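All values derive from a computational prediction rather than experimental measurement. Lettering follows sequence order; numbering is per chain, from 1.
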Amino acid sequence: MSDENNFDKRLLKWYERTKRDLPWRNTRDPYRIWLSEIILQQTRVEQGLPYYRRFTENYPTVHDLANAPEDEVMKLWEGLGYYSRARNLHSSAKLVSSTMSGAFPDSSEQLQELKGIGPYTANAIASFAFDEDVAVVDGNVHRVLSRIFNVSTPVNSTKGKAEFQALANKLLPTGHSAEFNQAMMEFGALQCKPAPDCTICPFAEMCEAKAQDKISELPVKERKQAKKMRYLNYLMIHNGERTLLQKRTNKDIWQNLHEFLLHESSSEPAGIEELITNIKPLQGPITSDFSIDDRWSSKHILSHQILHVNVWIARSPQASLGSSNDGIFEASLDDVVNKYALPVVLKRFVEEKYKDIVSQ
DNA sequence: AACACGGGGTA
DNA sequence: TACCCAGTGTT
C-alpha cells in the first residue's frame, strides 16, 4: 500500500534534518559498533556516551579489551548496571581476539552466537558494519510502528516480536539498512517518545494511532513483577588502612562486583549481634577484636526491588584483619575506591565515608 | 512463557 | 509511583 511505500522516504528525510552527531555513527569498525550496542542495551544514549568514550580510549581494539583483566573491565563498567553485559563483553572479546583473530562475524545469524548478542544487537551490527538488509527492533521501533500502523499486539509476546520484526523488515529499503535503522531509532528517541508532541510529527496525517486518539495506549506491553524488599547488612571491618572485601558470585544482582562482609535478611536486623552471629568467618579466621565506630544506612530503589542497605563501620586495632578461604580478602582502602568495582550504593557509601575512615 | 538483571531520567 | 531506556540469558 502507498502509505508503507512512502514510509522510508519520509523517515529518512526527517532523519537527515534532525539526527544527532553520535560517535558510533562515524565509524564502520565492527568492534566499536558492537561496543556501543552492548553499552546502549536498556541504556539511554546520554548515560552510555561517557562509558563508550572511556572504553574506546582504554581499549582501542578488541585485542586490548580481550587482554585486559576482568576486574579492570568491571571497574570501567561500574555504575552502568546490568553487569552481565560487561562479563559477556569481555568473554566475547577474548573469543573474537583469539579464535577469530580479531575479525567479528559478518552476518546477523553468526553474530548471535556471541554471548551478549541477541536479535536486536546482531541486526544492529550486521546493518551498521556490513550493510546486511535486516531491520532492528528495539523499544523505539515498537513505539513508532505500533502507533503509525496501529499494532496492538503486545510487544513482549512471541507473536508481537515476530510481527514487529516482519513489519520492520518489510519497510526497510533494500541496500539502505544502516541509515534506515539509525533513522527508526532516532525517530523513536527524539520525536515518537512515550509522551510525544504530535503537532510537529512528519507522520501526523498518516498515523493511525493519532487518528484514533490512541497514542498514549500504544505500544501495548504485558507487565508483571512486584517489587521485593531486601535488607543488605554489611560489616566493614577496617584498620584505617585496609578492609575486608569479597566478590559476589551468586546468581543475583551485582555479580562479580565487590562488597563488604554481608548478612542479608528479610527484615530490619535486630542489631550488630545478628550480623556477628550470621557472618560465618567471624567465628573463625576473621578477627573478632573490633569496635563499632558508626553506622550508615541508605534505601536504594531499583526497578524490581527495594534495597535497605546498612553498613556497620568497625575499627580493628590489629595490623592483620585475617582472611578466610571463603573468598574474603584484605584490600587497601585506596583499591576499594580506585580498583574494585562496587555497586552504586556501596560506592556512594565509600565516597561519603572514605575520608572519615582513613583519618581516624 | 515467565523471570531476573541496574541505574537513571521523566511525567 | 510507574514507566521507560539502542535487550539478553536462564529456567
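- With sequence neighbours excluded, no residue satisfies salt bridge (charged side-chain N to carboxylate O under 4.0 Å, His left out) with A:E57.
- Taking the six-membered ring for Trp and thresholds of 30 and 60 degrees, A:F104 and A:W34 have ring planes inclined between 30 and 60 degrees apart.
- Every pair tested for side chain to side chain donor-acceptor pair (under 3.5 Å) that includes a residue from residues 44-56 of chain A fails, sequence neighbours excluded, so the list is empty.
- Remark: A:F164 engages A:H142 in a ring-ring contact (aromatic ring centres under 6.0 Å, His included) (not counting sequence neighbours).
- When heavy atoms are screened at a 4.0 angstrom cut-off, A:W24 is found touching base atoms of the nucleic acid.
- With rounding to whole Å, A:Q165 atom CD is found 14 Å from C:dA6 atom C1'.
- Using a 4.0 Å heavy-atom criterion, one finds that A:Q255 contacts no nucleic acid atom at all.
- In terms of position on DNA chain C, the residue among A:L114 and A:N181 whose nearest nucleotide sits closer to the 5' end is A:N181.
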Distances under 3.5 Å only, N/O to N/O: pair up the protein atoms with those of nucleotides 2-4 of chain B.
none

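- The CD1 atom of A:I306 sits 15 Å away from the P atom of B:dG7 (whole-angstrom rounding).
- The side-chain heavy atoms of A:L40 and A:Y120, taken from C-beta on, include no pair separated by under 4.5 Å.
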Donor-acceptor contacts, no H, no angles, side chain residues 335-348 of chain A, under 3.5 Å, sequence neighbours left out:
residue: A:N338; atom: ND2; partner: A:D334; partner atom: O; Å: 3.3
residue: A:K347; atom: NZ; partner: A:E351; partner atom: OE2; Å: 3.4
residue: A:R348; atom: NH2; partner: A:H300; partner atom: ND1; Å: 3.4

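- Apart from A:V134 itself, the hydrophobic cluster it occupies contains nothing, where clustering links Ile, Leu, Val, Met, Phe, Trp and Tyr at side-chain heavy-atom distances under 4.5 Å.
- Between the CD1 atom of A:I117 and the P atom of C:dG9 there is a distance of 8 Å, given to the nearest Å.
- Residues of residues 27-55 of chain A having a heavy atom closer than 4.0 Å to DNA chain B, listed by number: A:Q42, A:T43, A:R44, A:Q47.
- Here, C:dA6 and B:dA11 have their P atoms 14 Å apart, quoted to the whole Å.
- Hydrophobic side-chain contacts under 4.5 Å tie A:I272 into a cluster, directly or through other members, with A:L235, A:I237, A:L244, A:L261, A:L275, A:I276, A:I279, A:L282, A:I286, A:F290, A:I292, A:W312, A:L321, A:I328.
- Every ring-ring contact (aromatic ring centres under 6.0 Å, His included) that A:Y231 has, sequence neighbours left out, goes to A:H308.
- For the pair A:Y120 OH and C:dC5 P, the interatomic distance rounds to 12 Å; values are reported in whole Å.
- For A:E113, there are no salt bridge (charged side-chain N to carboxylate O under 4.0 Å, His left out) partners at least two apart in sequence or on another chain.
- Position along DNA chain B of the nearest nucleotide to A:V345 versus A:A195 favours A:V345 as the more 5'-ward residue.
- Side-chain contact check for A:W77 versus A:R87: every heavy-atom pair is 4.5 Å or farther apart.
- Side-chain N/O atoms of A:K193 include none lying less than 4.0 angstrom from OP1 or OP2 on B:dG9.
- Nucleic acid contact class of A:T121 (heavy atoms, under 4.0 Å, all strands): sugar-phosphate only.
- Checking the phosphate oxygens (OP1, OP2) of B:dG7, a side-chain nitrogen or oxygen of A:W254 falls inside 4.0 Å.
- Side-chain N/O atoms of A:S303 include none lying less than 4.0 angstrom from OP1 or OP2 on B:dG7.
- Rounding to whole angstrom units, CG of residue A:D138 and P of C:dC5 are separated by 8 Å.
- Following rounding to the nearest Å, A:I301 (CD1) and B:dT10 (P) show an atom-to-atom distance of 18 Å.
- Spacing between B:dG6 and C:dC5 at atom C1', rounded to whole Å, works out to 12 Å.
- Side-chain atoms of A:V309 and A:E259, non-hydrogen and from C-beta on, never get closer than 4.5 Å to each other.
- In the hydrophobic clustering (ILVMFWY side chains linked at under 4.5 Å, chained through shared members), A:L218 is joined by A:V220.
- Of the residues in residues 78-89 of chain A, those lying under 4.0 Å from DNA chain B by heavy-atom distance are A:G79, A:L80, A:G81, A:Y82, A:Y83, A:R85.
- Atoms CD (A:Q182) and P (C:dA6) sit 12 Å apart, rounded to a whole Å.
- For A:E186, taking side-chain heavy atoms from C-beta onward, the closest of the listed nucleotides B:dG7, C:dA6, C:dT10 is C:dA6.
- Nucleotide B:dG8 holds its P atom 13 Å from the CG atom of A:L307, rounded to whole Å.
- Spacing of C1' atoms, C:dT8 relative to B:dG9, comes out at 22 Å, to the nearest Å.
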